[in-house]
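Inspection log for the structure reproduced underneath, given as structure tokens.
Since the structure is predicted, the reported quantities are computational estimates derived from the model, not experimental observations.
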Amino acid sequence: MPASQATAGHLLRLIRSGQATTRGELQSATGLSRSTIGSRLDQLFGAGWLREATTGASTGGRPSVRLEFDPSHAVVIAVDLETRHSRAAVLGLDGRILAERTEPLLIADGPDLVLDALASWFPGLLEKAGVEPSRVCGIGLSVPGPVDWPHGLVVQPPIMPGWDEYPVPARMQEAYARHVPAASTQVPVLVDNDANLMAYAEQRRFYPSCSAFVLVKVSTGIGAGVVVEGVPYRGIDGGAGDIGHIRLHDRTDALCMCGSYGCLAAVASGGAIAGQLAAAGIETTSGSDVRRHLAAGQPDAVRLAREAGRRVGEVLVTVVTLLNPGVLVLAGDLAGNPFLTGVRELLYQRAMPRTTAHLNVVTSRLGDAAALNGAAAMVVEHLYSPDTADDRLLALSGGV
């Protein structure tokens, strides 16, 4: 790394990634002098972002000291916004959930009501976690729709009426400041699609060496998250992974919530199965009800979930052939054995053996906590990335 690029933020990235965890290793990696390294580390220590740990017993000289990111200096608030309920949590920077709340909340009620309701939960969550508002460094929001990530805008979401291009970050900041007046500064808010964040969390936690990773969430709708080389792939404007609206040639009778006919989500989502079960006289109103029926082994739900898995498997043949992932995770209300079996049947039947030879098809290990973990990780990785970290350090020092 050229010495001119080795700012304090870049040193932090080297330390957090484990590439350089001593002063000597930082000198070797950057070409900076020991005094310059010391000066930039002083900025990081002054902000409370670093701590020192001895690497072992002394053999007569000074003990070797390792530099570590200190996750205890701040917390993140994460929100998983679903169609009929939401989860919110306070998490440490290491991903530990310190306090959590889940309540019914209809996304169709619109952003003003929903975001204000969410913000009203935050004071109680912070109190339960034993955390002062001044320690909140950011808020991450997971939503079930496409997101223009750089601008935090939900774009043409089929199941989020009233949210299209609504200024979610600004509105969330305003609601947070009103409900948590003790907050000392404007807290940054980041928003992303739920499948993206679930994929990010699962890949980071359980499959860090997998360079091409796909997660498919099947609940009210169907969406996919793709992580390539450890980074979520969002497309040019947040539309990547919206596989629920791929058309099935033989189901032109199925009306989707997007207004089109034949979409995969209109045939094989939790919402679609809920409709089929209700039509058969089985009390079902949502994907959550389908999950409950599957847990009880209800025969019609089991049969329909397996059929849905086969339809999703048809589409995933193309996805897997295009991306050649090492891991495919199934998540959401239908992510159980009947659905998993259906996906595997079609996938291994239709895809070329070369495509699936090294593919691991599994269900989510984080379950309902995946989106919360992903939202928190999104905030942490953004705030402590080199450029953003340097801007924050400048602000802390009294600069612009």
When you measure from the side chain of Q173 to the backbone N and O of Q186, does any donor-acceptor pair fall under 3.5 Å? no
Quick one: does V218's side chain get under 4.5 Å of L330's, heavy atoms only? no
Within-4.5 Å side-chain heavy-atom neighbours: E229 and C210: no
Where do D387 and R392 land on the salt bridge (charged side-chain N to carboxylate O under 4.0 Å, His left out) test, with the steps shown first? CA-CA 9 Å; D387 290 345; R392 294 175 66 208; over 6 Å; no
Please evaluate residues E381 and R16 with respect to the criterion salt bridge (charged side-chain N to carboxylate O under 4.0 Å, His left out), reporting the C-alpha separation (whole Å), side-chain torsions for both, the decisive distance (0.1 Å), and the verdict. CA-CA 10 Å; E381 291 308 310; R16 292 186 65 222; 2.9 Å; yes
Please determine whether residues V76 and W149 belong to a single hydrophobic cluster, defined as Ile, Leu, Val, Met, Phe, Trp and Tyr linked transitively by side-chain heavy-atom distances below 4.5 Å. yes
Could you tell me if N337 and T341 have a donor-acceptor pair between their side chains, going purely by distance under 3.5 Å? no
Using every non-hydrogen atom in the two residues, find where L14 and A29 come nearest and quote the distance to one decimal. CD1-CB, 4.2 Å
Look up atom CG in L328 and atom OG1 in T356, then write down how far apart they are to the nearest 0.5 Å. 11.5 Å
To the nearest 0.5 Å, what is the distance between CG (D368) and CE (M198)? 8.0 Å
Please examine the side chains of I243 and L316, heavy atoms only from C-beta on, and report whether any two atoms are closer than 4.5 Å. yes
Would you say D194 and S142 are linked by a side-chain donor-acceptor pair, where the criterion is simply a distance under 3.5 Å? no
In terms of side-chain heavy atoms, does S134 have a donor or acceptor partner in E132 at a distance below 3.5 Å? no
Show your reasoning for whether side chain to side chain contact (heavy atoms under 4.5 Å, CB included) applies to Y233 and V227. CA-CA 6 Å; Y233 177 74; V227 180; over 6 Å; no
In sequence, state the C-alpha distance, the side-chain angles, and the governing distance for R251 and D253, and then conclude on salt bridge (charged side-chain N to carboxylate O under 4.0 Å, His left out). CA-CA 5 Å; R251 288 302 310 271; D253 61 311; 2.9 Å; yes
Would you compute the distance between atom CG of L215 and atom CD of Q203 and round it to the nearest 0.5 angstrom? 11.0 Å
Pair D70-H73, side-chain donor/acceptor within less than 3.5 Å: no
With the side chain counted from C-beta on, respond yes when F339 and V312 share a heavy-atom pair under 4.5 Å apart, and no when they do not. yes
Same cluster or not: M352 versus L346, using hydrophobic residues (I, L, V, M, F, W, Y) connected whenever any side-chain heavy atoms lie under 4.5 Å apart? no
Closest non-hydrogen contact found for L141 with L197 is O-CD1, 4.1 Å
Run M378 and V191 through side chain to side chain contact (heavy atoms under 4.5 Å, CB included) and show every step you take. CA-CA 9 Å; M378 167 181 65; V191 186; 5.9 Å; no
Donor-acceptor pair, R40 side chain versus A6 backbone, under 3.5 Å? yes
Taking the side chain as every heavy atom from C-beta outward, state whether L81 and I107 have any pair of such atoms under 4.5 Å apart. yes
Are side-chain N/O atoms of S39 and T36 paired as donor and acceptor at under 3.5 Å? no
Stepwise side chain to side chain contact (heavy atoms under 4.5 Å, CB included) test for L334 and I273: CA-CA 10 Å; L334 299 191; I273 292 179; 3.6 Å; yes
Give a yes or no on this: more than 12 heavy atoms of other residues, nucleotides or ligands lie within 6.0 Å of atom CD of E52. yes
Output, in order, the C-alpha distance, side-chain angles, deciding distance and verdict of side chain to side chain contact (heavy atoms under 4.5 Å, CB included) for V75 and L91. CA-CA 6 Å; V75 297; L91 297 92; over 6 Å; no
CD of Q156: more than 12 outside heavy atoms within 6.0 angstrom? no
Ignoring hydrogens and angles, tell me if any N or O in the side chain of N193 forms a donor-acceptor pair with the backbone of G145 under 3.5 Å. yes
Backbone of A351 reached by a side-chain donor or acceptor of T355 within 3.5 Å: no
Has the side chain of R350 got a donor or acceptor atom that lies under 3.5 Å from a matching backbone atom of E345? no
When you compare the side chains of Y166 and D112, does any donor N or O come within less than 3.5 Å of an acceptor on the partner? yes
Is the cationic atom of R205 (NZ for Lys, CZ for Arg) positioned less than 6.0 Å from the six-membered ring centroid of Y207 and within 45 degrees of its normal? no
What are the two closest non-hydrogen atoms of G95 and N373, and how far apart are they? O-OD1, 3.6 Å
Considering all heavy atoms of both residues, which atom of W163 and which atom of P111 are nearest to each other, and what is their separation? CZ2-CA, 3.5 Å
Distance col, row L277:CG vs T284:OG1, nearest 0.5 angstrom, shows 4.5 Å
Verify the distance criterion only: is there a donor paired with an acceptor across the side chains of S385 and H382 at less than 3.5 Å? no
Heavy-atom check, side chain of W49 versus side chain of L396, under 4.5 Å: yes
Counting only heavy atoms not in R303 (residues, nucleotides, ligands), do more than 12 fall under 6.0 Å from its CZ? yes
So, are R234 and D192 salt-bridged, with charged N and O less than 4.0 Å apart? yes
Can you find a heavy atom in the side chain of L106 that is under 4.5 Å from one in the side chain of T83? no
A335 and T363 have their tightest heavy-atom pair at O-CG2, 4.0 Å
Write down the atom of A224, the atom of N196, and the distance for their closest heavy-atom approach. O-OD1, 3.9 Å
Parallel, tilted or perpendicular for Y384 and F69, by the 30°/60° rule? perpendicular
Whether the side chain of R344 engages the backbone of V361 through a donor-acceptor N/O pair (distance < 3.5 Å, no angle test) should be reported. yes
Gap between atom CZ of R23 and atom CG of L32 - 0.5 Å precision: 13.5 Å
Are the side chain of E202 and the backbone N or O of L366 linked by a donor-acceptor pair below 3.5 Å? yes
Does the side chain of S260 pick up a donor-acceptor pair with the side chain of R247 at under 3.5 Å? yes
In H179, E174, M172, the residue satisfying side-chain contact (heavy atoms from CB on, under 4.5 Å) with D116 is H179
Flag for E82-S219: side-chain donor and acceptor within less than 3.5 Å: no
Are L347 and I246 connected in the hydrophobic side-chain network, where two residues link if heavy atoms are under 4.5 Å apart? yes
Hey, is the main chain of P123 close enough, under 3.5 Å, to the side chain of E127 for a donor-acceptor pair? no
If we only count heavy atoms from C-beta on, is the I282 to D300 side-chain gap below 4.5 Å? yes
Do Y348 and V320 sit in one hydrophobic cluster, given that two such residues count as connected whenever their side-chain heavy atoms are within less than 4.5 Å of each other, even indirectly? yes
Looking at CG of L67 and CZ of R51, how far apart are the two atoms once the value is rounded to the nearest 0.5 Å? 11.5 Å
Under the salt bridge (charged side-chain N to carboxylate O under 4.0 Å, His left out) criterion, do R310 and E307 qualify, and how do the steps go? CA-CA 5 Å; R310 291 174 62 84; E307 290 177 3; over 6 Å; no
